[in-house]
Number of protein chains: 2
Amino acid sequence: MAKPAKRSRDAYHVGNLAPQLLAAARTLLEEVGPTKLSLRAVSERVGVSATAAYHHFQNRNELISHLAAQGFAELAAALQRAYSSGSGLDKVRGGSLAYLHFARSNPALYQLMFGPEFTDETLIPALQRERLAAFGELKRMVAETLGQALDSSDVRKASVAAWSYIHGLTSLVIHGLLPGAAGNSDEHFVDRTLEGFAALAISCSPPIK
Amino acid sequence: MAKPAKRSRDAYHVGNLAPQLLAAARTLLEEVGPTKLSLRAVSERVGVSATAAYHHFQNRNELISHLAAQGFAELAAALQRAYSSGSGLDKVRGGSLAYLHFARSNPALYQLMFGPEFTDETLIPALQRERLAAFGELKRMVAETLGQALDSSDVRKASVAAWSYIHGLTSLVIHGLLPGAAGNSDEHFVDRTLEGFAALAISCSPPIK
DNA sequence: ACCTGAACACCGTTCAAGT
DNA sequence: ACCTGAACACCGTTCAAGT
């Protein structure tokens, strides 16, 4: 709320610098984009020296890892809120809308979450955990629409399929690869692609004898 | 083939520096990843001053734009080669395999192609053109499996759906978000997700009366 | 026309020193 | 324990000067 005024001289020790840095990074992220988020700019915005962050995070990667973890936690929560008791299609549509809406509301964060900085196996525990939690939420939805156990083979396969679809659509929309990506509603994209899948499913299923 | 030996003093003018820079950038890209590809490192590898590139490209963004354009052109070619005259499912499977195989063979390039550097509308013509050409190839495949005209509404919707699916799957595999992403074959991922969609389609279609 | 070198404004990161 | 300042090795980019 308040502007990030210069820290007064007597507040040499901050006490809660880590969360302040994360908050500043979060807003800066959406301002400058995922590739141009710099530790120095974050520190300056908080009003602290350029190297202060190193007493709370190992390096830039650990800072943005926490940002990404935060993003997955919020995505999981959004999916949970989207719980729908309608038909199978209603559940899939509801979840897809919640997913796409979260990403379009936090485009830079979403790009960061699936960005190239976290490809290797050296993920911090928080990121690994929240990522799994978000995917777990998706699996729960799929299990319900299929009416099968959470750990069944069908649910695992269908969950990866559903995640591929909604992540792919989201990614294309956010990066502006779809014509009119800016002007159209979440419902527009989700409903049209769902119709597209239905058409493909009919053409791909072997003719019923 | 040959090592990028130091340019001899008499070759002050190179003549074809632009393609040399692109070639060096392409190999460096896969070595260091899409975010850490630096103009200076590319120039050094070619054996030219750090600022020479600015006589052939406006800036770093234009250089990597050409790289991305190259990537989309190769992706389009790969999809074209994957032409399959089998059933609808065969066509979708063949195209998906070609797509995923291209991306897994050029992971950093694929990440660059869909990276955050090209979100705005200021795309260079080459990139816009090749991107459209690649998507056109995908549309052609979808039109054939649906048995409908290239510009029909069904084909447009199903094409975005298909692109969402395969881009999403590819992205998840490449970024290592899927368990065992490294060890499994292209066929494994494509066949399993295709089965997953089939299961979802059955649960989502309204009960046949 | 094509390339270089010095210069500027940035980065991430380290380390000794301050409070 | 927590933070700063100077320092190092990098960046992208500009601009005057060299060939």
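Small disclaimer: the values here were computed from a predicted structure and weren't measured. Order of the sequence lines sets the chain letters (A, B, ...), proteins ahead of strands, with each chain counted from 1.
- A ring-ring contact (aromatic ring centres under 6.0 Å, His included) check over residues 21-44 of chain B, counting only residues at least two apart or in different chains, returns nothing.
- Distance CZ (A/F57) to P (D/dC2): 13 Å, rounded to an integer number of Å.
- Atom CG in B/N16 sits roughly 19 Å away from atom P in C/dA1 (whole-Å rounding).
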Let me have DNA chain C in dot-bracket notation, would you? Count Watson-Crick plus G-U wobble pairs, both distances under 3.5 Å, and use [ ] for pairs crossing earlier ones and | for inter-strand partners.
-> ||.|||||...|||||.||
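- Listed by first then second residue, pairs satisfying ring-ring contact (aromatic ring centres under 6.0 Å, His included) with a partner in residues 28-58 of chain A read A/F57-A/H66, not counting sequence neighbours.
- Atom CG in B/L17 sits roughly 13 Å away from atom C1' in C/dA1 (whole-Å rounding).
- Listed by first then second residue, pairs satisfying salt bridge (charged side-chain N to carboxylate O under 4.0 Å, His left out) with a partner in residues 67-81 of chain A read A/R26-A/E74, not counting sequence neighbours.
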Kindly list each side-chain donor-acceptor pair under 3.5 angstrom involving residues 130-141 of chain B, sequence neighbours excluded, with atom names and distances?
unit_1, atom_1, unit_2, atom_2, d
B/E137, OE2, B/R140, NE, 2.8
B/E137, OE2, B/R140, NH2, 2.7
B/R140, NH1, B/E144, OE2, 3.2

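- Under 4.0 angstrom from either OP1 or OP2 of D/dC3 there lies at least one side-chain N or O belonging to A/H56.
- Partners of B/R192 according to the salt bridge (charged side-chain N to carboxylate O under 4.0 Å, His left out) rule, which considers only residues two or more places apart in sequence or in another chain, do not exist here.
- Checked against B/F197 for a ring pair (Phe, Tyr, Trp, His ring centres under 6.0 Å), the options A/Y165, A/F197, A/W163 give a single hit: A/F197.
- For B/T145, the side-chain contact (heavy atoms from CB on, under 4.5 Å) partners at least two apart in sequence or on another chain are A/L200, B/K91, B/V92.
- With sequence neighbours excluded, the residues that form a side-chain contact (heavy atoms from CB on, under 4.5 Å) with A/N61 are A/N59, A/I64, A/S65, A/E117, A/F118.
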List every contact pair, protein side and nucleotides 12-16 of chain D side both N or O, where the distance is under 3.5 Å.
unit_1, atom_1, unit_2, atom_2, d
D/dG12, OP1, B/L39, N, 2.7
D/dG12, OP2, B/L39, N, 3.3
D/dG12, OP2, B/R40, N, 3.1
D/dG12, N7, B/R40, NH1, 2.4
D/dG12, O6, B/R40, NH1, 2.8
D/dT13, OP2, B/Y54, OH, 2.9
D/dT13, OP2, B/R60, N, 2.9
D/dT13, O5', B/Y54, OH, 3.3
D/dT13, O4, B/R40, NH1, 3.4

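- Rounded to whole Å, the distance from CD on B/E44 to P on C/dT4 is 13 Å.
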